[in-house]
Amino acid sequence: MCGICGVVGLRHATPIVFDGLRRLEYRGYDSAGIATLVDGKIDRRRAAGKLDNLGALLETSPLPGTTGIGHTRWATHGAPTTCNAHPHGTERVAIVHNGIIENFEALRRELEAAGQVFQTETDSETIAQLVDYHLAQGLAPKDAALKALQRLEGAYAIAMIFAEHEGLMIGACHSAPLAVGYGDNEMFLGSDSLALAPLTRRISYMEDGDCVVLTPAGVEFMTFDGTPVRRAEQTTALAAGAIGKDGYRHYMEKELHEHPLVIGQTLQRMIDPANRKVVLPDMPFDLATVPRAVITACGSAFYAGMVGRYWLESIARLPVDIDVASELRYRDPPLAHGSLGLLISQSGETADTLAALRTLRQNAVHILSVLNVEHSTMARESALVLGTVAGPEISVASTKAFTAQLTVLACLTIAIARARGALDPLGEEELVAALLDLPSRAADVFA
Ligand code: GLU
């Protein structure tokens with residue numbers, strides 16, 4: 001999923017948004033764009049290809065203004081062209097969107113019949129046209145946005161700005177992450193805390209079905225029917241430095257060298273070194289009596305799960321099924337009541353793994369998630385989270401996050417094996433001693 005960055009404040013918005021998009025580059029994208037308010041009117045610059053293309057365009061054709069939104073697109077509907085690049089909009093509103101609007105065809109037909117004129121092939125433009133339609137009917141920006149949000153189906157994170165409304169930005173999300181950042185006389189929206197890291201460490205994570213109205217003075221959260229809600233402000237541990245390359249040539253090299261630290265930090269959470277025992281947080285269910293486990297994940301996390309299956313079956317003697325998360329729903333497996341659902345995700349936002357989590361939960365499966373981002377949507381919906389302490393992983397090829405997942409799965413295997421009587425205290429001591437040796441062995445490999 002690609003990136004959103006937005007700001008309302010007193011400073012020039014474009015450089016802030018552009019730098020935010022740079023920090024989101026790691027997610028992959030095929031085009032990019034920024035829209036701001038210039039003398040109350042919406043203006044935008046968009047370019048296919050790398051952010052450098054957008055940067056070059058902004059050099060020759062600067063975009064002033066203090067209210068701005070930007071986007072890196074990963075096309076799902078419509079070719080990766082400049083015309084289909086976000087922000088989309090009309091004279092009244094500009095939007096950026098991550099995700100997919102599932103009912104866009106029906107909405108588009110309805111809006112075209114009502115006289116709205118579309119310019120792109122994207123599903124996302126439907127949002128802009130729907131909001132525009134309500135603005136044209138005389139609704140204020142917040143009301144027009146809420147009315148539009150009530151019609152959207154699918155997964156989305158959205159940021160919007162409105163002509164003649166300096167210092168106003170509206171955000172919304174459903175099954176896609178969006179974070180609000182608090183500054184001094186300025187407020188930010190970002191796809192994740194990395195996008196906002198150098199700007200502020202004061203962040204609120206939006207929840208599914210949240211809308212937020214931002215002005216330089218503050219924020220107002222509400223549900224799509226306008227009911228006010230509160231979202232806690234948190235301080236992220238993320239320092240701007242955590243996302244630099246630290247002298248390495250590229251992020252993957254840096255992240256490989258972080259292995260000893262990451263394994264050590266992750267073990268520290270789960271091991272009592274003095275007694276050579278695994279100590280997990282209190283379980284909301286009994287590990288001794290789960291009849292079987294279902295592991296599900298996507299990509300590299302799925303590979304970690306495949307290793308976990310070997311360990312759980314051979315050491316803990318627990319029968320394990322494993323599915324790629326995108327398949328689990330469609331396979332519709334018969335699930336033994338009270339089974340253990342073991343979900344693995346770096347971000348905790350992987351859409352297919354989240355959907356699998358919800359399917360498992362509906363089937364009375366106990367949900368235990370292994371996540372790197374412990375304030376993510378999956379974390380909120382799990383009975384228990386075991387955290388990997390891998391820090392941000394910018395490289396698309398997973399390295400330290402994968403190893404940290406294995407570290408957690410190893411500790412969990414020991415705990416389950418002990419609970420099921422498959423491992424005696426001496427056996428546990430031996431395995432824990434081997435795990436405690438891991439950080440220094442990793443250091444030897446990288447030395
Ligand atoms: N579905 C939208 C598009 O194709 C947004 C894709 C994205 O998340 O970048 O434009």
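Read the numbers this way: they start at 1 and go in the same order the structure lists the ligands and their atoms.
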Those atoms of ligand 1 less than 4.0 Å from some heavy atom in Asn98: 8 (O)

Does atom CD of Glu59 have more than 12 heavy-atom neighbours, drawn from other residues, nucleotides or ligands, at distances under 6.0 Å? no

Going by the rule side-chain contact (heavy atoms from CB on, under 4.5 Å), which residues pair with Gln268 if we only count those two or more places apart in sequence or in a different chain? none

Check whether Tyr156 reaches the backbone of Ser124 with its side chain - one donor and one acceptor, N or O, closer than 3.5 Å. no

One finds that the ligand 1 atoms under 4.0 Å from a non-hydrogen atom of His71 are 9 (O)

Looking only at distance, does Trp74 have an N or O less than 3.5 Å from an N or O of ligand 1? yes

To the nearest 0.5 Å, atom CG of Leu152 lies from atom CD1 of Ile158 at 5.5 Å

side-chain contact (heavy atoms from CB on, under 4.5 Å) with Leu342: of Ile416, Leu409, Ile367, only one passes, and it is Leu409

Just to be sure I'm reading this right: ignoring hydrogens, which of Ala155, Gly99, Pro80 gets closest to atom 5 (C) of ligand 1? Compare them by their nearest heavy atoms. Gly99

Does Arg73 reach ligand 1 with a nitrogen or oxygen that is under 3.5 Å from one of the ligand's nitrogen or oxygen atoms? yes

Would you say Cys2 has any N or O atom under 3.5 Å from an N or O of ligand 1, going by distance alone? no

Interfacing atoms of ligand 1 (cut-off 4.0 Å, heavy-atom, Ala75): 4 (O)

Is Ser124 close enough to touch ligand 1? Criterion: a residue heavy atom under 4.0 Å from a ligand atom. yes

What pair of heavy atoms forms the shortest contact from Val365 to Gly341, and how long is it? CG1-N, 3.2 Å

Geometry only, no angles: is Asp123 polar-contacting ligand 1 at N/O separations under 3.5 Å? yes

For residues 104-125, which residue pairs pass the ring pair (Phe, Tyr, Trp, His ring centres under 6.0 Å) check, not counting sequence neighbours? His77-Phe104

